[in-house]
There are 2 protein chains.
Amino acid sequence: MGRTPGSPANREAILSAAKTYFERHGYEGSTIRGIADAAGVDPALLYHYFGSKDQLLVAALQLPVNPRDVVPELLAGGLDGIGERLLRRLLGVWGRDWAAGGPMIGLIRASATHDEAARLAREFFSREVMGRVAESLDMPQPRLRAALVGSQLMGLAMARFVIKLEPIASADPELLIACYAPTIQRYLTGPLPSDDRPLPPTRIGKGGHQ
Amino acid sequence: MGRTPGSPANREAILSAAKTYFERHGYEGSTIRGIADAAGVDPALLYHYFGSKDQLLVAALQLPVNPRDVVPELLAGGLDGIGERLLRRLLGVWGRDWAAGGPMIGLIRASATHDEAARLAREFFSREVMGRVAESLDMPQPRLRAALVGSQLMGLAMARFVIKLEPIASADPELLIACYAPTIQRYLTGPLPSDDRPLPPTRIGKGGHQ
DNA sequence: GTCTATACGTGGATAGAC
DNA sequence: GTCTATCCACGTATAGAC
C-alpha cells in the first residue's frame with residue numbers, strides 16, 4: 001500500500017514509541033509529551049504528523065500482521081488442530097514479555113478506558129476477524145464462534161500481560177497452548193448450545209452473511 | 001465488620017457513585033470532581049472521607065459478595081455442573097447492562113491502565129479466589145485451574161461490557177452459560193496437559209500451598 | 001461535617017520563528 | 001521539518017473559613 005504521506009526520519013520513531021507506550025499505559029495513561037520523550041523528539045512533531053492523540057492511537061495500533069491474510073492461512077490447514085495453530089501463532093506474535101509487536105495488547109488496554117479505542121477494537125474484531133472467519137469457516141453461527149474465541153483470547157491477554165496473574169503470566173507458551181487449545185477448538189468446531197434450542201430474539205447468526 | 005469510621009449522610013452516596021464511575025471509566029478516566037458531581041457532594045468531601053483517589057478506589061471496589069463465602073458454597077454443590085452454577089451466579093451479579101453491583105468490572109477496567117489496580121486485582125484473585133479454590137477443590141494444580149477460569153471470565157467481561165462485542169454483548173445470559181459452562185467445567189475438573197508431561201522450570205503447582 | 005478558594009502540576013493543542 | 005513559547009482546561013490535593 002505504498003507509503004503513508006511523509007515518512008521521514010522521526011515518523012517511524014514516534015510510531016514505534018507510541019506503540020509500546022499505549023501498550024503499557026493504555027490511552028489516558030499515555031501522554032503526548034511522554035511518547036515524544038520516549039521517541040527522542042519534540043512533542044509538537046506528533047501533532048505535525050498525526051494531528052491529535054486519537055489519530056496517533058489509531059496509527060499506532062495498526063496490527064503488524066493482517067488478519068485478512070492470517071485467518072485464511074490458518075483455516076487452510078484444515079479444521080483439525082486449528083485451535084492449537086492459532087494459539088501458537090498468536091503467542092509467537094505477542095512474545096513472552098514486552099517485546100514490541102503486541103499492539104493488540106495496547107488496543108485491549110486502551111479499550112478499557114477509552115471509548116473510541118473500544119469502538120476501534122469492536123469494529124476491527126467484527127469486520128476484520130469475525131468477517132473473515134465467517135467467510136471461511138464452514139460451521140453454523142460463525143460470528144458467535146469467533147466472538148467466543150475472541151473473548152478467551154482477550155482473557156488470556158489480560159491475565160498474562162495486564163493483571164499478570166500467576167501461573168499464567170510466566171507460564172511456558174507450550175503449557176498455555178495445551179491448556180487453551182481444546183477450548184478454542186471447541187468454540188470453532190464443536191457443538192454450540194443453540195444448535196438444539198432456538199434462541200430468544202437476539203438475532204444471532206440469522207441472515208447468514210456478515 | 002462493624003462500621004467504617006465516619007459513615008454519615010453522604011459517605012455511602014460517594015461510595016456508590018465511585019463504584020459505577022470507576023466501573024465505566026476506569027481509574028484515570030475517573031475524576032474526583034466527576035465522582036463528587038455524580039454523588040451530589042463537594043469534591044473536598046472525598047478527601048475528607050478517603051484521603052486520596054487511590055484509597056477511594058480500593059474502598060469502592062470492595063466486592064458486595066465475599067468469595068470466601070461463595071466459593072465453598074459453589075463447591076458444596078459438588079463438582080458436577082459447577083461450571084454452570086458459577087456462571088449463572090456471576091452473570092446474575094453482573095446484571096445485563098450497567099446495573100450497579102459490578103465492581104469487578106470496575107476492577108478489570110481500572111487494571112488496564114492503573115498499576116495499583118492491577119496489583120489489587122492480582123492479589124485479590126490469587127489470595128481470595130485461587131486460595132479458596134485451592135483449599136476446597138480436590139484436583140491437581142488448583143492454582144492453574146483457577147487462573148484459567150479467571151482468564152475466561154475476564155475475557156467474557158471484556159467482551160460483554162467493555163468492548164461490547166456482538167453477539168456476546170447483548171446475548172441472553174442462558175446462551176452465555178450454555179456456551180461457557182463446558183469450558184469452565186473442563187478447567188476446573190477436566191484433564192490438564194501437565195498431568196502427562198512434566199513442566200519446564202516455571203514452578204507451577206509445585207510446593208502445593210499458595 | 002461541609003464548602004470556598006486556591007496552590008500546583010500537567011495535559012492537549014496551537015502559533016509562529018527558524 | 002523542527003523547535004520554542006505559550007494558551008488554556010482540568011487534574012489532585014490542601015488550607016482554612018463557616
Side-chain angles (χ1 to χ4, degrees), chain A residues 3-61 106 109-110 112-120, chain B residues 3-61 106 109-110 112-117 120:
Chain A
R3 180 176 75 185
T4 39
S7 295
N10 295 327
R11 195 176 188 275
E12 299 307 315
I14 294 173
L15 224 56
S16 162
K19 226 173 277 199
T20 69
Y21 219 101
F22 282 124
E23 200 170 310
R24 301 195 196 192
H25 306 106
Y27 183 78
E28 342 255 340
S30 302
T31 66
I32 295 284
R33 288 153 152 78
I35 295 171
D37 272 10
V41 303
D42 192 277
L45 267 192
L46 307 209
Y47 290 100
H48 186 235
Y49 284 123
F50 301 98
S52 79
K53 191 182 173 183
D54 272 1
Q55 292 173 50
L56 176 58
L57 177 76
V58 315
L61 293 187
R109 251 192 157 96
T113 47
H114 196 54
D115 276 349
E116 180 168 355
R119 192 179 50 74
L120 219 71
Chain B
R3 183 175 75 186
T4 38
S7 295
N10 296 328
R11 195 178 189 274
E12 299 307 315
I14 294 173
L15 224 57
S16 162
K19 226 174 277 199
T20 70
Y21 218 100
F22 281 125
E23 200 169 312
R24 301 196 195 191
H25 305 106
Y27 183 78
E28 343 255 340
S30 304
T31 66
I32 295 285
R33 289 171 178 15
I35 296 170
D37 271 9
V41 303
D42 191 275
L45 267 191
L46 308 209
Y47 290 100
H48 185 234
Y49 283 123
F50 301 98
S52 80
K53 191 182 173 184
D54 272 2
Q55 291 173 52
L56 176 58
L57 177 76
V58 315
L61 293 186
R109 252 195 155 93
T113 47
H114 196 54
D115 276 350
E116 181 169 355
L120 219 72

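Order of the sequence lines sets the chain letters (A, B, ...), proteins ahead of strands, with each chain counted from 1. Being a predicted model, the structure only gives us computed values, none of them experimental.
Under the 3.5 Å distance criterion, the side-chain polar atoms of Arg109(A) are matched with a main-chain donor or acceptor of Arg24(A).
In this model, the phosphate group of dT2(D) is approached by a side-chain N or O of Asn10(A) to a distance below 4.0 Å at OP1 or OP2. Contact annotation: Tyr49(A) reaches the phosphate of dT2(D) (side-chain N/O to OP1 or OP2, under 4.0 Å).
Under the 4.5 Å side-chain criterion, counting only non-hydrogen atoms from C-beta, Tyr27(B) is not in contact with Glu28(A). Inter-residue side-chain proximity for Tyr49(A) and Leu56(A) is flagged as unmet; no heavy-atom pair is nearer than 4.5 Å.
The distance from atom CG of Asp42(A) to atom C1' of dA15(C) is 14 Å, rounded to the nearest whole Å. The distance from atom NE2 of His48(A) to atom P of dA15(C) is 13 Å, rounded to the nearest whole Å. Counting to the nearest Å, the C1' atom of dT2(D) and the CD1 atom of Ile14(A) are 11 Å from each other. Rounded to an integer number of Å, the gap from OH of Tyr47(A) to C1' of dT4(D) is 16 Å. Between the CG atom of Leu45(B) and the P atom of dA13(D) there is a distance of 15 Å, given to the nearest Å. As rounded to whole Å, 11 Å separates atom C1' of dA13(D) from atom CG of Leu46(B). Rounded to an integer number of Å, the gap from Leu56(B) CG to dA13(D) P is 10 Å.
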Test log, rule side chain to side chain contact (heavy atoms under 4.5 Å, CB included), inputs Leu57(B) and Glu116(B): CA-CA 10 Å; Leu57(B) 177 76; Glu116(B) 181 169 355; 5.8 Å; no
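Shown here are the side-chain contact (heavy atoms from CB on, under 4.5 Å) partners of Ser30(B), two or more places apart in sequence or in another chain: Tyr21(B), Phe22(B), His25(B), Ile35(B). Every residue meeting the side-chain contact (heavy atoms from CB on, under 4.5 Å) condition with Asp42(B), not counting sequence neighbours, appears here in chain and number order: Ala44(B).
Comparing dT14(C), dT2(D), dA15(D) by their nearest atom to the side chain of Ala44(B) picks out dA15(D). Taking every side-chain heavy atom of Lys53(A) into account, dA13(C) is the closest of dA13(D), dT4(D), dA13(C).
The distance from the CD1 atom of Ile32(B) to the OG atom of Ser52(B) is 7.5 Å, given to the nearest 0.5 Å.
Within residues 25-38 of chain B, the residues that place at least one heavy atom under 4.0 Å from DNA chain D are, in residue-number order, Ser30(B), Thr31(B), Ile32(B), Arg33(B).
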